[in-house]
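All remarks here apply to the structure that follows.
Remember, predicted model here, so these are calculated numbers, not experimental data. Every chain is numbered from 1 and lettered A, B, ... according to where its sequence line falls, protein lines coming before strand lines.
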2 protein chains.
Amino acid sequence: MPTSENDSPPVYREIAEDLRAAIASGELSHGDRVPGENDLMKRYRVARATARQALSVLINEGIVVAIRGSGVYVRTFRPLRRHGPRRLSRELWSTGRAIWQADAADRGFETDSIEIGNVAAPEHISRALGLPAAAPVLRRCRRYRLDGRPMQLATSYLPADLAAGTAIGEADTGPGGIYARLAELGQAPAHFTEEIRVRMPTPTEVDRLHLSAGTPVLDVLRTALTAAHSAVEVNEMTLDGSAYILQYDFDA
Amino acid sequence: MPTSENDSPPVYREIAEDLRAAIASGELSHGDRVPGENDLMKRYRVARATARQALSVLINEGIVVAIRGSGVYVRTFRPLRRHGPRRLSRELWSTGRAIWQADAADRGFETDSIEIGNVAAPEHISRALGLPAAAPVLRRCRRYRLDGRPMQLATSYLPADLAAGTAIGEADTGPGGIYARLAELGQAPAHFTEEIRVRMPTPTEVDRLHLSAGTPVLDVLRTALTAAHSAVEVNEMTLDGSAYILQYDFDA
DNA sequence: CAGTGGTCTAGACCACTAC
DNA sequence: TAGTGGTCTAGACCACTGG
């Protein structure tokens with residue numbers, strides 16, 4: 001017979017709950033060291049696996065990180081605000097700034113591991129662009145870092161014939177970026193739609209974004225449309241969920 | 001000496017990777033049964049804890065669910081599209097429909113466990129409403145279900161003096177809901193801003209939303225402003241991340 | 001009632017960090 | 001070098017699901 005409480009939660013959950021409460025109450029705060037495996041084994045008189053299981057709960061909730069050889073620590077959370085409409089206003093890119101420069105004025109935002117080439121469009125991309133299945137598209141993959149920390153992965157797709165022979169196919173797309181080049185072609189984006197999904201990251205994403213366990217990612221799929229409502233670009237982004245707050249403003 | 005590969009990943013990761021690949025390739029698909037602990041122990045000749053650890057990776061990624069006494073299954077994912085701007089268009093609530101009815105026409109959307117009362121505003125709420133700290137506000141908590149499945153938790157806050165003596169304080173707010181009542185008071189919402197965050201759920205939310213492990217939640221904080229830009233309502237929502245796609249449309 | 005996943009113990013060896 | 005977390009074994013008892 002167990003402790004004979006009518007329906008007591010498992011030990012590891014109670015330990016996790018104690019730690020969670022200590023964090024919520026401020027008794028332990030950002031960056032503080034959390035009691036480790038050995039501490040918990042002594043304090044609660046449990047086996048190592050049980051102590052580990054308790055910690056793994058908090059790790060998978062993303063409120064704590066384990067650092068090998070060192071200890072377990074309360075995670076800090078300092079997200080960047082990403083303003084949907086404002087950052088895509090025409091004034092911005094028509095004056096020669098790349099749109100991601102709107103996110104973090106003056107901070108060390110930089111792009112990384114760029115890859116450009118023509119491919120056959122995946123199904124959801126050809127659909128979004130209104131092209132036949134597997135139509136040729138120009139794909140631009142890149143990674144954004146802020147202060148050295150990887151924040152998001154982004155892949156743009158444009159109809160191959162539209163982009164052919166322009167700076168859109170170059171590593172440096174020039175002042176104002178892709179959207180300014182599209183405008184020069186008479187295909188300036190006028191409307192945007194963004195679709196947002198949440199999920200846990202794949203191992204590849206964990207690696208490329210340096211995610212710790214318990215960190216979800218945001219998938220943002222943005223479609224850029226001209227004034228005539230033809231789709232000229234689709235941008236598929238994967239954001240570190242602990243690094244962003246998304247903001248959207250609109251009218252009734 | 002281990003298998004002497006220079007830097008081979010741990011066994012449990014390799015097992016997880018095999019299963020992930022089988023799912024990605026379609027060899028195993030939605031609802032299918034995944035090899036269980038005993039299968040993995042035999043097939044890979046590992047101890048039970050190792051097989052469990054491999055499965056726990058996939059469970060925490062949200063790609064499979066474990067059902068006690070039965071087995072482990074590939075999760076199905078069928079999200080609901082929630083259209084930010086459109087669902088809040090004035091025509092909708094001014095014609096007597098509650099705004100959440102815009103999400104799921106004809107489907108069994110219903111509200112649940114409603115709780116209404118005056119409280120002192122939490123810090124982030126008083127800030128959003130432009131009120132002094134701990135000002136009195138009317139709070140409305142509720143839960144939404146679709147086809148019986150809980151989908152989101154929502155808590156609205158309105159300045160107490162504004163809501164006093166109106167149907168906003170009632171369980172049934174009448175045709176068109178809160179926003180129609182505000183309009184009658186000459187405080188019709190004209191602008192909205194929504195802030196989106198992602199995180200792993202608390203145990204309470206796991207319970208109230210029936211979330212399985214590896215499911216993140218979306219926090220949406222919406223502020224409703226009048227044409228004169230005074231904030232009249234703040235709605236703090238927590239959505240089941242596996243149940244929603246958020247969509248926002250806007251112009252350049 | 002056989003099989004499943006859930007919890008827990010008591011060990012072991014390893015890689016890494018910090019002093 | 002002492003202490004940390006990471007991986008792994010070989011058991012045990014339990015609650016639950018399914019035929």
Whether [Y] and [X] form a salt bridge (side-chain N of Lys/Arg under 4.0 Å from carboxylate O of Asp/Glu) is what I want to check.
X       : Y       : value
D112(A) : R143(A) : yes
R82(A)  : E194(A) : yes
R199(B) : E205(B) : yes
E17(B)  : R13(B)  : no

Checklist line | Heavy-atom pair of closest approach, residues A154(B) and Y144(B) | finding: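 Shortest heavy-atom contact: CB-CE1, 3.8 Å.
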Notebook entry, point to check: Measuring from Q53(B):CD to S56(A):OG, what's the distance to the nearest 0.5 Å?
Noted result: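 One gets 9.0 Å once the value is rounded to the nearest 0.5 Å.
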Just the rounded figure in Å: distance from [atom2] of [N] to [atom1] of [X].
X      : N       : atom1 : atom2 : value
Y73(B) : dC16(D) : OH    : P     : 17 Å
Q53(B) : dA10(D) : CD    : P     : 16 Å
Y44(B) : dC8(D)  : OH    : C1'   : 17 Å
L40(B) : dT9(D)  : CG    : C1'   : 16 Å
R13(A) : dC8(C)  : CZ    : P     : 10 Å
N60(A) : dG6(D)  : CG    : C1'   : 14 Å
L55(B) : dT7(C)  : CG    : P     : 14 Å
M41(B) : dA12(D) : CE    : C1'   : 13 Å

Of the options [options], whose atoms approach the side-chain atoms of [X] most closely?
X      : options                 : result
V72(A) : dG6(C), dA10(D), dG5(D) : dG5(D)
A47(A) : dT9(D), dA10(C), dT7(C) : dA10(C)
V11(B) : dT9(C), dG5(C), dC8(D)  : dC8(D)

Checklist line | Secondary structure string for DNA chain D (Watson-Crick or G-U under 3.5 angstrom, | for other-strand pairs) | finding: ||||||||||||||||||.
Note to self: Which is more 5' along DNA chain C, the nucleotide nearest R68(A) or the one nearest R33(B)? Just name the residue.
What the structure shows: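 Its nearest nucleotide being more 5', the pick is R33(B).
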Check: Nearest nucleotide by nearest heavy atom, which residue falls closer to the 5' end of DNA chain C, D39(B) or P10(A)?
Finding: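 Mapping each residue to its closest nucleotide by heavy atoms, the 5'-most match is D39(B).
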Side-chain N or O of [X] versus OP1/OP2 of [N]: is the shortest distance under 4.0 Å?
X      : N      : result
Y12(A) : dT7(C) : yes
R48(B) : dT9(D) : no
N38(A) : dT4(D) : yes
S70(B) : dG3(C) : no

Notebook entry, point to check: Which is true for A49(B) with a 4.0 Å heavy-atom rule: it touches a base, it touches only sugar-phosphate, or it touches nothing?
Noted result: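 Base, at least one base heavy atom under 4.0 Å.
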Next item on the list: Could you check whether I67(B) gets within reach of a base, just the sugar-phosphate, or nothing at all, counting any heavy atom under 4.0 Å?
Entry: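 Sugar-phosphate: the residue I67(B), judged by heavy atoms under 4.0 Å, touches backbone atoms but no base.
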Checklist line | Q152(B) side chain near V217(B) side chain, heavy-atom distance below 4.5 Å | finding: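 No, too far: nothing below the 4.5 Å cut-off.
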Notebook entry, point to check: Going through the checks in order, is the side-chain contact (heavy atoms from CB on, under 4.5 Å) test met by L158(A) and I178(A)?
Noted result: CA-CA 10 Å; L158(A) 298 96; I178(A) 294 178; 4.0 Å; yes
